[in-house]
Every structure is written in structure tokens, then in C-alpha cells.
Amino acid sequence: MEFLCHHRDRSDSLALRMELLEEHWSSMDRFAQEMIARGPTLAGDGETPTGSVHILDLPDAATARAFAFDEPGYQTGVYRDVLLRRWRDLLGRTMWDFPGGPTDGDRFLALGLGAAAAADLTVPAGRGDDLIAYGPLLSDDATAWLGTAALLRAPGPAAARALLTEDRYADIEVHPWQFGGRSQ
């Protein structure tokens, strides 16, 4: 079962986040084999962290909840909220398989929160070279579409937003994002 977890930082938690960085990475290391993608969302300056995105293939929802809520930043109040949803990997690869590599171009999280009938259920034609991760957000039992999430390379936030069908979502969020994890 694949899950997307987006921890969103409180506005005043940067110092605590940085203090807990090694504990966060150590916690994430326990899930290295299950990771499809990971990395921080960033403020408009492209440097200040605003959250963390993790996409994982886990055995069940209980394990996903433990991953999200046992995380050191969550336990100490770094985050203002957590979005945890079932997800379906439509690309069939991890971010480490992305042909653009970890640093080529600007990267974004495009997150469309569903409003009505399902949309964007297939990989957009002609965008495969720019997509790092792509798939629908689903209910716990994977029967209801709740939105779509993508990690992608794009020339800017407007181009990242244009990946999703605008009028099919209650809201579309676009966050600068970068490959995460320990430096090799």
C-alpha cells in the first residue's frame, strides 16, 4: 500500500526543526527500503523548509500512521498538521530513478485536493520526463478519489500548477520541493 505523508511546519518551528534534523533522518532511515520519494517543501526563497513530503510503500494503514505520528518532529511540535493519504504510484519508479537526477531544474509538490468527480487519473501525456512522482490521493480503503499529488520539475509554480486540471479541485497547492535525505 502506498501512502503520501506531508508534514507541514508551524511558522515558528524552524529552529526546533533544525535541532531535530539528525533524529528525523534516523527515523526516516528505518524506512529507506519503503521510500518512493522524500524531501522538504520550501518557502519562496527556495531554502527555508516549510514541511516534509514522504511517499512510501508500507504494509498497512497502521504502519503509515505510526510513520507519520511517531516522527520526532511531530512528537515535539514542529508541525502544524499532517496530511496522510493512500496514494497510487502511476510512474512505477522512485525519485532515485528520475532521469533528471536530484538537482536538474526547479522542483515542486503539486497537491490537488479533490472536490467532485475524479480527475487526472493517468500520467499526463508528454510530461513523463518532468514527473518525479505522480498519482491519485485515495481514501483509507482506496475506493474514493480525494485528489492528486505530483512531484515534478517545472520552470515555475504556475507551470507546476498547470499539471492539474484547475476546475476539478477544491484547492491546488504548489510548494517548492527538493530531493531529501542524507547527503551521500
Non-hydrogen side-chain atoms of [X] and [Y] separated by less than 4.5 Å:
X: Phe108; Y: Pro157; value: yes
X: Leu111; Y: Asp171; value: no
X: Cys5; Y: His7; value: yes
X: Ile55; Y: Met35; value: no
X: Glu71; Y: Met28; value: yes
X: Arg107; Y: Ile132; value: yes

Heavy-atom count check: over 12 atoms from other residues, nucleotides or ligands less than 6.0 Å from Arg8 CZ?
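Yes, CZ of Arg8 has more than 12 neighbouring heavy atoms, counting only those of other groups under 6.0 Å.
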Can you tell me if Asp70 has over 12 outside heavy atoms packed within less than 6.0 Å of its CG?
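Result for CG/Asp70: enclosed.
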Whether Phe67 and Phe31 hold their rings parallel, tilted or perpendicular, with breakpoints at 30° and 60°
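Aromatic pair Phe67/Phe31 classed perpendicular.
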Leu163 versus Asp120, closest heavy-atom pair with distance:
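Closest approach of Leu163 to Asp120: O-OD1, 4.4 Å.
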Might you point out which heavy atoms bring Tyr134 and Pro124 nearest each other, and give the distance in Å?
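Taking Tyr134 first and Pro124 second, the nearest heavy atoms are CZ-CD, 3.7 Å.
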Would you say [X]'s side chain and [Y]'s backbone share a donor-acceptor pair under 3.5 angstrom?
X: Arg93; Y: Phe98; value: no
X: His6; Y: His54; value: no
X: Arg17; Y: Asp9; value: no
X: Ser139; Y: Thr143; value: yes

Please check if [X] and [Y] belong to a single hydrophobic cluster, counting links between Ile, Leu, Val, Met, Phe, Trp and Tyr side chain heavy atoms closer than 4.5 Å.
X: Leu91; Y: Leu109; value: no
X: Val82; Y: Leu14; value: no
X: Leu4; Y: Ile36; value: yes

Is it true that the side chains of His175 and Glu173 contain a donor and an acceptor less than 3.5 Å apart?
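Yes.
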For Phe69 and Tyr74, I'd like to know if the aromatic rings sit close, meaning centre-to-centre distance below 6.0 Å.
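Yes, the ring of Phe69 comes within the 6.0 Å limit of the ring of Tyr74, centre to centre.
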Looking at Tyr169 versus Trp145, is the centre-to-centre ring distance below 6.0 Å?
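Yes, the ring of Tyr169 comes within the 6.0 Å limit of the ring of Trp145, centre to centre.
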